[in-house]
Amino acid sequence: MSGKIIKGIGGFYYIDAEDGHLYECKAKGILRNKKVKPLVGDNVNIEILDPENNLGNIVEILPRFNSLIRPAVANVDQTIIIFAVSEPEPNFNLLDRFLVSMEKSGVETIICFNKTDLSPDNMEACRSYSKSGYETIFISAREGEGIDRLREIIKDRTTVFAGPSGVGKSSTLNAIKPEAEAQTGAISDKIKRGKHTTRHSELMHIGGRTYIMDTPGFSSLYVDSIEAEDLKEYFPDIAAYTGKCRFNMCNHVSEPDCLVKQAVADGEISRIRYEDYVMIYNDLKEKRKW
């Protein structure tokens with residue numbers, strides 16, 4: 001029987017099978033011997049061991065059209081990266097590192113800033129991402145603002161919801177489909193950071209061909225396996241200037257007559273984005289020295 005992995009916990013995988021039942025399965029030894037690890041979102045074939053208790057084994061993982069490392073999921077059409085305008089304060093460097101990671105994976109990404117009802121202080125900085133080359137939307141899950149646009153974006157697609165803890169991923173999911181009953185957690189009053197309420201990636205069926213993967217929050221993300229000189233190609237707003245500067249191989253950091261730096265000065269490229277680009281570029285250069 002075929003099905004889709006919707007959750008994996010401690011070596012057990014929960015399969016939404018074609019007969020409409022949810023089966024608890026383990027991966028057969030042949031998969032472990034091949035060092036193939038099942039991922040949430042995988043389409044699989046299973047054998048039924050105990051029909052009464054819905055128990056079985058995964059015997060085959062069907063071909064993936066893509067997979068991500070962080071979050072560890074498979075067969076996704078797009079990612080919506082959610083950050084809060086406030087509480088917690090947006091970590092733009094973390095956002096840009098995630099965007100690079102998704103760009104490297106070739107997954108379409110939409111930026112979503114939640115909690116627009118809380119504070120206008122960071123709105124200008126957040127709005128600068130509208131120049132990043134990614135669709136950027138603003139919502140308030142609590143007030144229901146922007147949720148209709150979000151529903152349009154996810155319709156008939158498998159979408160990963162990702163972002164730091166406490167930004168409102170689960171609350172946004174609840175706003176989209178209240179009956180999903182995603183677990184939500186309070187923000188710690190002391191440190192203004194989210195409690196890790198979503199501990200495992202989980203695929204949720206919203207309706208029709210629409211699925212959402214709710215993933216655990218993260219507070220760090222390292223960009224590696226990219227050469228510093230190639231980084232500019234993973235920033236769409238910066239990549240648009242490739243070959244147009246005085247020097248064809250300009251890295252847009254210390255070279256003279258750089259059109260990217262001029263675009264930053266003119267407000268055509270987000271200064272926050274550019275400063276993050278330089279920081280990541282220098283990190284990659286330092287790693288090469290190691």
Side-chain angles (χ1 to χ4, degrees), residues 1-81 98 101-110 153-163 169-170 173 176-177 179-183 196-218 221-222 224-225:
M1 188 181 299
S2 63
K4 184 182 284 287
I5 299 177
I6 63 169
K7 184 189 291 189
I9 302 176
F12 290 94
Y13 300 92
Y14 297 87
I15 316 298
D16 184 13
E18 59 186 347
D19 67 353
H21 290 96
L22 185 68
Y23 290 88
E24 181 183 273
C25 297
K26 298 200 77 170
K28 286 206 75 170
I30 189 171
L31 296 179
R32 293 195 296 273
N33 293 339
K34 292 180 179 178
K35 297 183 178 178
V36 178
K37 181 177 176 60
L39 296 175
V40 172
D42 269 332
N43 297 307
V44 298
N45 286 327
I46 63 174
E47 61 180 4
I48 309 303
L49 302 178
D50 183 345
E52 187 174 338
N53 294 304
N54 291 350
L55 302 177
N57 279 334
I58 297 173
V59 296
E60 182 183 15
I61 298 174
L62 301 179
R64 300 165 176 161
F65 66 82
N66 65 17
S67 62
L68 304 179
I69 296 174
R70 186 167 188 183
V73 294
N75 300 319
V76 301
D77 296 311
Q78 62 186 0
T79 296
I80 295 180
I81 176 68
F98 188 90
S101 176
M102 291 300 101
E103 198 72 23
K104 186 173 184 294
S105 299
V107 177
E108 179 184 349
T109 303
I110 296 96
I153 291 172
I154 67 172
K155 185 177 180 182
D156 294 334
R157 309 192 80 185
T158 296
T159 304
V160 170
F161 273 23
K169 295 189 301 296
S170 295
L173 180 57
I176 292 171
K177 186 178 181 181
E179 59 269 33
E181 295 182 352
Q183 181 184 13
H196 295 264
T197 55
T198 303
R199 288 175 166 79
H200 309 279
S201 295
E202 182 171 356
L203 185 64
M204 298 185 182
H205 186 212
I206 303 301
R209 291 178 293 161
T210 304
Y211 291 87
I212 287 179
M213 290 183 184
D214 191 20
T215 62
F218 58 87
L221 185 65
Y222 297 99
D224 52 16
S225 70

With heavy-atom distances below 4.5 Å as the criterion, would you say the side chains of [X] and [Y] are in contact?
| X | Y | value |
| --- | --- | --- |
| Lys177 | Met204 | no |
| Thr158 | Leu203 | yes |
| Tyr13 | Val44 | no |
| Ile153 | Gln78 | yes |
| Arg64 | Leu39 | yes |
| Cys25 | Asn57 | no |
| Leu22 | Asn54 | no |

Would you confirm whether [X], through its side chain, and [Y], through its main-chain N or O, come within 3.5 Å as a donor-acceptor pair?
| X | Y | result |
| --- | --- | --- |
| Asn66 | Asn75 | yes |
| Asp19 | His21 | yes |
| Asp77 | Thr159 | no |
| Glu202 | Asp214 | no |

Show the nearest heavy-atom pair for residues [X] and [Y], with the distance to one decimal.
| X | Y | result |
| --- | --- | --- |
| Ala162 | Thr215 | CA-OG1, 3.6 Å |
| Lys37 | Asp42 | O-OD2, 4.3 Å |
| Asp156 | Thr210 | N-OG1, 2.7 Å |
| Ser225 | Lys104 | OG-CE, 3.2 Å |
| Tyr14 | Glu24 | OH-OE1, 2.9 Å |

Looking at [atom1] of [X] and [atom2] of [Y], how far apart are the two atoms once the value is rounded to the nearest 0.5 Å?
| X | Y | atom1 | atom2 | answer |
| --- | --- | --- | --- | --- |
| Glu60 | Leu62 | CD | CG | 5.0 Å |
| Met102 | Ile81 | CE | CD1 | 8.0 Å |
| Ile5 | Ile15 | CD1 | CD1 | 4.5 Å |
| Ile48 | Asn53 | CD1 | CG | 12.0 Å |
| Ile154 | Ile176 | CD1 | CD1 | 4.0 Å |
| Ile110 | Phe161 | CD1 | CZ | 9.5 Å |

Note to self: Tell me if the NZ atom of Lys4 is crowded by more than 12 foreign heavy atoms within 6.0 Å.
What the structure shows: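 Yes - once you tally the heavy atoms of other residues, nucleotides and ligands closer than 6.0 Å, there are more than 12.
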Within 45° of the ring axis of Phe12 and under 6.0 Å from its six-membered ring centre, is that where the NZ or CZ of Lys26 lies? yes
